[in-house]
Structure formats: structure tokens, C-alpha cells
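Fair warning: this is a prediction, and the values are worked out from it, not measured in the lab. Note that ligands are numbered from 1 as they come in the structure, with each ligand's atoms numbered from 1 the same way.
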Amino acid sequence: MSDCLFCKIIDGTIPSTKIYEDEHVYAFTDIMPVAKGHTLLIPKQHCQDLFEMPEDVARNLYAVAPKIANAIKAAFQPIGMNTINNNGAAAGQTVFHYHLHFIPRYDEKEGLNLNWQTQKYTSEQLIEVADSIKANL
Ligand code: 5GP
Ligand code: ZN
């Protein structure tokens with residue numbers, strides 16, 4: 001896509017700090033890292049988000065995820081790592097070419113602050129939710 005920032009990074013029109021590349025994917029450092037080693041993994045085939053991602057693109061992308069995670073781990077010895085993918089502006093997506101964030105965690109004070117507010121569901125409600133999703137698979 002000609003007006004897509006990450007497509008331009010893949011074709012080299014916009015510079016990036018490459019970490020890994022193969023036929024299907026490209027990995028590079030996030031320009032505004034949340035923590036040391038913050039890396040983005042993207043498919044070379046443009047798709048806006050997970051909703052639009054074909055299965056083979058997903059397969060090829062996630063096949064590389066352990067390699068990237070383990071390289072970051074070996075380089076910087078984080079004590080944990082979040083892999084995050086934002087889909088849609090409401091979910092925090094700002095670049096509309098699918099990307100998987102690898103965010104290493106070092107201690108509680110740095111960058112990423114995930115504050116999950118959990119909700120109470122009865123087992124009947126959980127079954128109802130599951131049935132609604134299953135009906136759409
Ligand atoms: P999102 O908010 O869409 O999940 O994440 C987009 C990410 O892309 C952000 O973390 C942002 O720092 C990163 N980003 C935006 N523009 C560029 C760029 O030109 N180069 C690189 N390497 N990262 C970028
Ligand atoms: Zn793109």
C-alpha cells in the first residue's frame with residue numbers, strides 16, 4: 001500500500017533499524033521504545049489488523065515470534081515479556097499495518113502499564129459468551 005508507513009519501511013523508502021527479515025516478515029526496533037529491546041514484527045503482505053489477516057500470513061508471522069522473543073531475551077535478560085497487538089484506534093492502534101509488539105519487562109517501574117480491570121461473570125454468563133463466539137467461527 002503506497003500510503004502505508006510500515007509498507008514503506010518494508011520497501012526501504014522509510015529507514016528502519018532491521019532486526020530480522022525473511023520472505024514473509026520484517027522485524028525492526030520501535031522508534032519510541034517502551035523498554036530496551038522493544039521490537040515490532042510485521043507481515044510483508046499488507047493487512048490492516050488481525051481481523052483482515054489471512055491464515056497463511058498469520059502462520060508465517062507467528063512462526064518467527066519465538067525466535068524474536070528469544071533473541072531479545074538472550075540479548076538483554078529481561079525478567080518477562082509482553083507481546084501485544086492493538087487492533088483498531090479504540091484499542092490503541094496508531095499504525096494501520098498489522099504489527100506485533102515485543103516488550104521486554106525489567107522491573108515494575110518502567111514503561112508498560114497494563115491495568116486490567118477484571119469483571120465477575122457467572123458460569124452461565126461465560127457459557128453464553130462462549131456460545132455467541134462459537135456461533136461465529
Ligand atoms: P500501535 O500504537 O499502532 O500499536 O503501535 C505503533 C508503533 O509504531 C508505536 O509503538 C510507534 O512508536 C511505532 N512507530 C511509529 N512510527 C514509526 C516509525 O517510523 N518507525 C518505527 N521504527 N516505529 C514507528
Ligand atoms: Zn502496509
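Heavy-atom contacts from other residues, nucleotides or ligands closer than 6.0 Å to CD of E128 number 12 or fewer. Within a 6.0 Å sphere centred on NZ of K73, other residues, nucleotides and ligands contribute 12 heavy atoms or fewer. Crowding of E55 atom CD: a count of heavy atoms from other residues, nucleotides or ligands under 6.0 Å not exceeding 12.
Judged by distance alone, the side chains of Y20 and T39 never bring a donor and an acceptor atom under 3.5 Å apart.
The residues E23 and K44 are annotated as not salt-bridged, no charged nitrogen and carboxylate oxygen being separated by less than 4.0 angstrom.
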Derivation and outcome, side chain to side chain donor-acceptor pair (under 3.5 Å), residues N115 and N113: CA-CA 6 Å; N115 185 16; N113 179 17; 5.9 Å; no
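Shown here are the protein N/O/S atoms lying under 2.8 Å from the Zn ion (ligand 2), water excluded: C4 SG, C7 SG, H46 ND1, H97 ND1.
Note that CG of D30 and CZ of F102 are 12.5 Å apart. Values are rounded to the nearest 0.5 Å.
When the side-chain contact (heavy atoms from CB on, under 4.5 Å) test is applied to D131, the partners found at least two apart in sequence or on another chain are I127, K134.
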Quick one: side chains of residues 88-99, donor-acceptor pairs under 3.5 Å with protein atoms, not counting sequence neighbours, listed by atom name and distance.
residue: Q93; atom: OE1; partner: G88; partner atom: N; Å: 2.7
residue: Q93; atom: NE2; partner: Q48; partner atom: O; Å: 3.0
residue: Q93; atom: NE2; partner: V95; partner atom: O; Å: 3.0
residue: H97; atom: ND1; partner: H46; partner atom: ND1; Å: 3.2
residue: H97; atom: NE2; partner: P43; partner atom: O; Å: 2.8
residue: H99; atom: ND1; partner: H97; partner atom: O; Å: 2.7

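Each of L5, F6, I9, F28, T29, D30, I31, M32, L40, N86, G92, Q93, T94, V95, H99, H101 has a non-hydrogen atom positioned under 4.0 Å from some atom of ligand 1.
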